[in-house]
Structure formats: structure tokens, C-alpha cells
Amino acid sequence: MRVTNRMLVDNVLKNINSNLARLQKLEYQQSSGQIVSRPSDDPIRVTQALYMRSNLSEQQQHIKNMEDAKNWVDVSDTALDNASEIIQRANEIAINGANGTLPKEARDALADELDELIDHLVQIANTSHAGRFIFAGTKTTAVPFTTEKEADKITKVIYQGNDGVLDWEVSPDVTLDVNRPGNEIFDGIFEVLIDLSQDLRDANIEGINDAIENLNTELDNNLSHRAIYGAKYRRMEMAIAQAKTSENNVTELLSNLEDINLAEINMLLSMQSYIYQASLMTAAKVLQPSLVDFMR
Amino acid sequence: MSGTFFGFNTALKGLFAQQKAMNTTAHNIANAGTEGYTRQQAVMEATPAFAVPSMSRPGGSGQVGTGVNVNEIRRIRDVFLDTQIRNELAGLGEWEQKSETLRLAETVFIEPSDDGLSSIFDEFWKGWQELSKNAENIPIRTSLKETAISLADAIKHSYNQLNTVVTDLKRTAEIKALAVNTLATQINDLNQQIATIQLSGDSPNDLKDQRDNLLDKLARLIDFTPEDTTVERPVGVTKNPDGTFDVAMGHVPDGQIRIYMGDPATKIEDRKEQDYLVYAQPNKFQTIAYSEADKEFKWMEDASTVPPTLGDTFPVFTGELFGLMEVMAQIEEYISDLNELAENLATAVNEKHLNGVDLDGQQGEQFFYFDSGNAAGTIKVNAEITKDVTKIAASIDSAGGHDGGVALEIAKLRPGIDRQYDQLVSRIGVKTNEAIKRRQGQEVLLGQLESRKESISGVSLDEEMAFMMQYQRAYQAAATIITTLDEMVQTILALKR
């Protein structure tokens, strides 16, 4: 085949150019840290990466939802714990008050203490978390338990909330009801305590004895609610641990899809840069001589 | 017997021929870097010997040659290769046009990225998730509103960018049609000049190079069939016994090239004049224009009207013009995909939102507004919601509960919409990738063909240098002959003294 000077020039230029293009691509990968930077670089890889990105983001959101749920449940549990202490103290007061020989002053004192406890329990029932009332059903913005008073003494506690539940998504299509309507938890106790206060003042021993029994029922009710919250808490703890493992896996898969292997890319880069220099050197050598150089 | 000065003439012819050949070499070297230049060669031929044998021939042995003549200056070119190269040029034009445009359109969907459309979608869905947990929370509502506005803006921006690409393509189509017309005019002009020179017996090599260049340029734009033309000329004269002469007529090539746009399988005699872009006669060429309404190129019937009167479809099956039409359709498909995505998003969100209640216990309104059929270009967040975020209908309970149920239902729309977006990106990636690969393939193919062409037609400096020395020596030798002959004549003249 006849070889002309222009063929040499064209070939050399073409090769230098394609070497430079490869070098540029590697340099871009190295500096961006990404194997693919646009859909056409590798459509399948990019689609997979997009899927995993949205998957990962969903998982992270669910983990966040579970953390929030855990906090909510934790606050609820603490409130119920405090409520159970009140029920136990009320029980002691009732047992003391059921003693028929107790003078009226002593019973009145017990009734006064009980009134304080009722006040405190209203506070507990109106516990808020991050600005939201946790025992109000879904009416989280309004104070759930309001009181009616006579002579500075609570005679009635009215539930203003509803029996709605807050369902939060904790994994795809799985929700967790983070709250329990306050009336189920507190209405019974308030009634028993308010009656007991009156019975103490009225020295109604029979009523007091009834109250002791009722308080035990309420304590059981309280404990069963706490058991439910406890179960939710443990469920969240386990689910979060699981989800975090899965998050790590997906993150790693995504990184395999998107991110460069630094050692590999550095190797390729220095190899390519060497090839590029070699092509430049060849160009300088090949393009110079012609017959003209040897004619004298 | 040849005369005393016979040799002078033979040597002189040698001098002239070598000089002409040297000039050709000079021309080759001067054009070593000229684009599309075909190397030329002085074809030398020995002139008829003296004398023709006959009864009256003077005595003596053998014929004596009369020297050399340069018969023609020839272009060294492989016409078959030209055809192949032009076919591949059309393919390259098509895929170059496609890959450039698709790459441009692809920048609208730069993924995977932390600031592409997918990341705004991500924020949007997270916003609804947060709202589902905190339905009454004003800061969360506000942040969701802002994200929704960014999402609508980003979709609109993508839509506008794609539309800009289409608008640019229409302008490009007009410019390319103009380029075809200009090339047709220039080829027609060159045809006339070439015919004039060729019919006078010379070969207008450099004009033919120029025309080949123009044909190569045209081949990038459209696919066409070139057709050599012939003219009727006297090719022979016979003398009749009665003293009259018969002139035989024949078709001889006049060096012109017609450009036929119809089906190449049609026999030349059946081809119709209106199917020729260049008809190889003075002012016989047609022009074309892009018809925006029909999204195709058309023959221009009357350029003097505004806009020009257009006729039938101008047939293109490859080349830049074809690539343009195809890629325009492709981008319009992207736009309709984006429209569909936006409409699905807005419809699905609205459907849920209309069933919800806002913070004041009012039934939800539309969350997104859009024009059906052009959702991506018109999508926006309901102005009432933009003004007052309590209007976001996040909950189901109309009695004042903040259950966030509707927000959760909207958040659950995520997988469907996300997959649709992924598919759009994937389709764009595959199309762009294919176009880039095809263009690279064409480039390699064309590179090989051009290398072969260069191997045949290119100027080799080494070769020209060798020729130069050869002609130089031959010229020197011919000159020496003249000197020697001169000395011989002087010898004769000296006899008298």
C-alpha cells in the first residue's frame, strides 16, 4: 500500500485525539469520583443506580419515621409510668382511708392529697411531645383533658380528643399506630379518683372499698397499655437495627454501581497518560523526516 | 533521412515535457496539504516516429523517434471509492446529528446526580412523609410547599429546555436546507465551467477536485445518486467515394454530473427531470426548504413568495437532514414522556389531596394545576396553597383530627412515579448511547475508506521528491543533448574554414 505523508499526519492526529479522549474520560471519573455521570455513559447502570437511590432514600425515611415513633412511644411510656405511680399512691390513700377509726381531719387530709394527685394526673394526661398532645387521639393541637372545678377542686375531667390513631409508615406499606386514645387510658382513673375524693370526705367506707377494687382494675388497664407501648418500642428497636443493616447493604451496592475504585482508576489513569505521552513522542519522530532531509 | 536540426526538436520536446512534469510535481507539492486535493500526474507519450515506411522512403535503417509529448495531466482517483465514501458520509452525517442533539437533550436529565430532577422528587416525597407524621406542623407544611414549587419549576424547566432543543433543530433544519441549495448552485456552476473546458479537450482537474469536495459536503447532508452526463458530438469522419464526407455522431462525456434524488433503481432513461437536484444544464437546478408544518423537507416551487411555495416531499433516507427529522421526533417523544410523567404525578396527587381536609377542616382543593396534554409545561402548585400552607389537606378526619392519612397516601405514590422517571432516563440513556456508538462506528469505517483514498490520491512528498530528481536529471540530459548537437553543428560549420 502506498503511504503518503498526510496519512501519517491523519493517523497520528486521530490516535493522539482518541488517547486524549480516553485520558479525559478517566480524569473526569477520577475528579468526580463517579463511574457514570450521564445516562448514556451506561444506561443500565444508571437506571439501577436511580432505583437504588430512591430505594435508599425511602429506607432512610422509614428509619427516621421509626426513630420518631420510638421517641413518641418512649414519652408515652414515661407518662404512663408516672400515671401508674399515682394510681399506686391513690391505692395507699384509699387503704388508709378505709380504716373506719380514722378521724375526719385525717381523711380530709388524705382527700386533699388525692386532689393534688388528680391535678398531677391531668397534667400527665395532657403531656405533649414536640408541641403535640400525645393522648389526644389525632386532635393533637387541642388540650385533650379539660376540668370542671368546684371550690378549686376538680369535680369532672372531660376528654376533648378523639379516638383517632396516628399511623406512621415504618416500612413499605407497613404502618405503626404510635398513639392510644387518651380516654381509653385515663377516663376510668379520673372517675375513680374523683369519686374516691368525695367518698373520703363523706367517710363512705363502702365507696372507699369499691374504689380500692376499681383502682386495681385501673392499674391493670394502665399496665396493659404500657405493655402495648413497650411492645411497640421493642419492635421499633429491632426494626431500626434491621433497616440499618439493609441501608448499609444498599449503600454499598449503590457505591459499587456509582463510585470509582480509586486504586483502579489511578492505575488506568497513569497507564493512559503514559500511552498519551508515547503517542506524542511517536508523532514527533514520525512526522519529521522525509526524503528532503536526505537530499543534498 | 532526418535533417541536421532534427535532434534539436526532439531534445526540445524532452525539455518541455520534463518541465511540464516538473510543474505538475510542483503543483502536487504545493497542494500537499490542500483538502480534497487529488494528486496529478503528467502522462508522457512518445510522439510518432519518423518516418512512415513507404516505397519512396529514403534509404537507411529504422525509424527515428521524434521525442515526447505530455498527453494529459491526469487525476489519480478511484471513483468507486468516492461512491463508498459518500455513502458512509451520509451515515456519519445522520448519526453525528443525532448523537450531538441527543447528548444535548440528555443534559436536561443529568443522572445519577445530587441535583438532578430525581433528587427534587426525593425531597418532595420526603416532605409528604414528614407531613404524614406531623400533619398540623406549619414549618413542615411550608417546607413541603417550597419543595413542591421547586419540583413544578424543575419539571417546567426541563420541558422548556427540551423545547429549546426542538426550536434550535427547526432553525438548524432551515440552515441545512439552505446549505443544500448553496451546494447545488455551486455544483451547477462548476458543472458549466468543467463542461466548457472539457469539451475544448482539456481536463479541468482542479475544478473537478473542487466539485468532488462539494459532492462530499452534499453527501453529509443528503443521500443522492450522481449521474454523468454526455453530449452528442462528432466522433469520426469518413470520406465517401463521391467526395462527400459522413460525420459520425456519438455521446461523449462532457464532465458534468447530475444529482438525482429519486429511486436509484430507476433506469436513467426513465428518470424524471423534476427528481433532479442538479440537472447539469445552465440554471437547471432546484432548491429545497424545511416545512415546519409537515416536519419534513420539501422541494421549493417558488422561492419568490414569502414563505416560499413548497411542493412535494424532498426524499431523504440518511444524512444530516434525515438525522435532523428523526432526532426531532425523538425529542418530541421525550417531551410527551415528560408530559405524561407530570400529568400522572399531578393527577395522582390531586386525587388524594381532593379527598383530604386541610387544617381548617375544609375539603382539600387541587394541589397541582396543569393543562391537560401539556402538563410538564404548565404544572404549578395551587396558588391558594402557595399563599396559605394550612390549605394543604393532609388528613382524612374532618372533625379536627391531624391523622396525616392523606399525606401518607400521597407519599405512597412514590414508587410508581419514581419508576416512570427512571424509565424515561433509561430510554434517554439508551438512545443517546446508541447514537454515540453508531457515530463512532461510522467514524471508524469512514476513517478506513479515507485512508484508502488518501493512499491512492494523496500526495507523497517522498515520491514527489523522487520524481523531482528524475525530471531534473532528464531535463539536464535533454539540455546536454542540445549542447552536444550544437557542438556537432559547429563542427560542420567549421569545415568551411
Side-chain angles (χ1 to χ4, degrees), chain A residues 1-7 9-11 14 34 36-47 49-55 57-58 60-62 64-65 68-69 72 130-132 136-142 161-162 164-169 172-173 175 178 254 257-258 290-292 295, chain B residues 32-33 102-103 106-107 109-113 118-119 121-122 125-126 129-130 132-137 395 397 399-405 408 411-412 414-415 418-419 421-423 425-426 428-433 435-436 447 450-452 454-456 458-463 465-466 469:
Chain A
M1 181 157 130
R2 190 172 167 269
V3 178
T4 71
N5 301 72
R6 189 153 176 174
M7 276 163 82
V9 176
D10 283 353
N11 279 341
K14 210 185 294 169
Q34 284 190 318
V36 284
S37 47
R38 44 197 310 159
S40 60
D41 283 348
D42 187 342
I44 295 171
R45 192 183 279 263
V46 171
T47 316
L50 276 180
Y51 175 75
M52 279 197 190
R53 272 172 177 249
S54 86
N55 195 306
S57 161
E58 276 182 281
Q60 284 164 345
Q61 182 66 46
H62 286 139
K64 185 157 184 290
N65 291 358
D68 288 350
W72 179 287
R132 321 174 71 197
T138 58
K139 293 177 101 172
T140 49
T141 44
N162 59 15
V165 281
L166 293 169
D167 277 327
W168 293 0
E169 194 176 60
D173 280 333
T175 53
V178 293
L254 185 62
L257 275 175
E258 284 188 344
S290 81
L291 191 55
V292 186
M295 284 168 51
Chain B
L102 290 177
R103 249 182 108 71
E106 188 191 39
T107 54
F109 300 94
I110 282 298
E111 302 283 2
S113 138
S118 70
S119 60
F121 265 115
D122 187 32
W125 302 122
K126 281 180 174 166
Q129 279 278 358
E130 286 301 315
S132 80
K133 295 183 294 179
N134 305 280
E136 71 280 41
N137 190 309
S395 300
D397 183 8
H402 306 299
D403 51 78
L408 182 58
K412 280 181 174 178
R414 174 171 192 163
D418 272 10
R419 286 308 81 75
Y421 177 72
D422 293 356
Q423 273 170 21
V425 172
S426 151
I428 288 169
V430 170
K431 289 281 176 199
T432 314
N433 187 275
I436 292 172
E450 273 182 339
S451 184
R452 266 177 63 198
E454 177 63 29
S455 165
I456 294 167
V459 174
S460 157
L461 286 180
D462 295 346
E463 190 182 59
M465 284 296 114
M469 286 196 283

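All chains are named by letter (A, B, ...) in the order of the sequence lines, taking the proteins before the strands, and each is independently numbered beginning at 1.
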Please state whether the side chain, the backbone, both or neither of Asn65(A) comes within less than 4.5 Å of a heavy atom of chain B.
both
Turns out that what part of Lys14(A) lies under 4.5 Å from chain B's heavy atoms comes down to side chain
Sidechain N-carboxylate O distance under 4.0 Å for Asp122(B), Arg53(A)
no
Check whether any side-chain heavy atom of Asn134(B) sits under 4.5 Å from a side-chain heavy atom of Arg132(A), and report yes or no.
yes
Should Leu102(B) and Asn433(B) count as side-chain neighbours, where that means a heavy-atom distance under 4.5 Å?
no
Chain B heavy atoms under 4.5 Å from Val165(A): which part of the residue, side chain, backbone, both or neither?
backbone
Check whether Ser455(B) reaches the backbone of Arg2(A) with its side chain - one donor and one acceptor, N or O, closer than 3.5 Å.
yes
What part of Glu58(A) is in contact with chain B, defined as an atom under 4.5 angstrom from a non-hydrogen atom: side chain, backbone, both or neither?
both
With sequence neighbours excluded, tell me which residues meet side chain to side chain contact (heavy atoms under 4.5 Å, CB included) with Glu454(B).
Thr4(A), Arg6(A), Met7(A)
Under 4.0 Å between a Lys/Arg side-chain N and an Asp/Glu carboxylate O for Lys431(B) and Glu106(B)?
no
Could you check whether Arg419(B) pairs with Asp422(B) (Lys NZ or Arg NE/NH1/NH2 to Asp/Glu carboxylate O, under 4.0 Å)?
yes
Given that the side chain runs from C-beta out, which part of Ile436(B) has a heavy atom under 4.5 Å from chain A: side chain, backbone, both or neither?
side chain
Chain B contact via Glu258(A) - side chain, backbone, both or neither, heavy atoms under 4.5 Å:
side chain
Below 4.5 Å from any heavy atom of chain A, which atoms of Ser395(B) appear? Answer side chain, backbone, both or neither.
neither
Heavy-atom pairs under 4.5 Å with chain A: which of His402(B), Met465(B), Glu450(B) has the most?
His402(B)
Contacting moiety of Val3(A), where chain B heavy atoms sit under 4.5 Å
backbone
One option among Gly458(B), Ala466(B), Gly405(B), Gly447(B) has the most heavy-atom pairs under 4.5 Å with chain A, and it is Gly458(B)
Given that the side chain runs from C-beta out, which part of Asp397(B) has a heavy atom under 4.5 Å from chain A: side chain, backbone, both or neither?
side chain
By a 4.5 Å heavy-atom criterion (distance strictly below it), what part of Glu463(B) contacts chain A: side chain, backbone, both, or neither?
side chain
Bottom line for Ala435(B): the part with an atom under 4.5 Å from chain A's heavy atoms is neither
With distance as the sole test, does Glu111(B) use its side chain to make a donor-acceptor pair with the main-chain N or O of Ser118(B) at under 3.5 Å?
yes
Thr138(A)-Asn162(A) side chain donor-acceptor pair, cut-off 3.5 Å:
yes
With sequence neighbours excluded, residues passing ring-ring contact (aromatic ring centres under 6.0 Å, His included) with Tyr51(A):
none
Mutual orientation of the aromatic rings belonging to Phe121(B) and Tyr421(B) [parallel < 30°, tilted 30-60°, perpendicular > 60°]
tilted
Which atoms of Ser426(B) come close to chain A, meaning under 4.5 Å heavy atom to heavy atom: side chain ones, backbone ones, both, or neither?
both
Answer key: most heavy-atom pairs under 4.5 Å with chain A among Arg452(B), Glu136(B), Met469(B), Gln423(B) is Glu136(B)
Residues Gln61(A) and Glu169(A): side-chain donor-acceptor under 3.5 angstrom
no
Taking atom types as modelled, find out whether Arg414(B) and Ser57(A) have a side-chain donor-acceptor pair closer than 3.5 angstrom.
yes
Using non-hydrogen atoms only, which part of Asn55(A) is less than 4.5 Å away from chain B: side chain, backbone, both, or neither?
neither
Please classify the contact of Val459(B) with chain A as side chain, backbone, both or neither, using a heavy-atom distance under 4.5 Å.
backbone
What residue in Thr141(A), Thr175(A), Asp173(A) has the most heavy-atom pairs under 4.5 Å with chain B?
Thr141(A)
Part of Lys133(B) within contact of chain A (heavy atom distance under 4.5 Å):
both
Please flag which part of Asp403(B) lies under 4.5 Å from any non-hydrogen atom of chain A: side chain, backbone, both or neither.
both
When the 4.5 angstrom heavy-atom criterion is applied to Ala411(B) and chain A, the contacting part is neither
Answer with side chain, backbone, both or neither: which region of Ser37(A) has an atom nearer than 4.5 Å to a non-hydrogen atom of chain B?
backbone
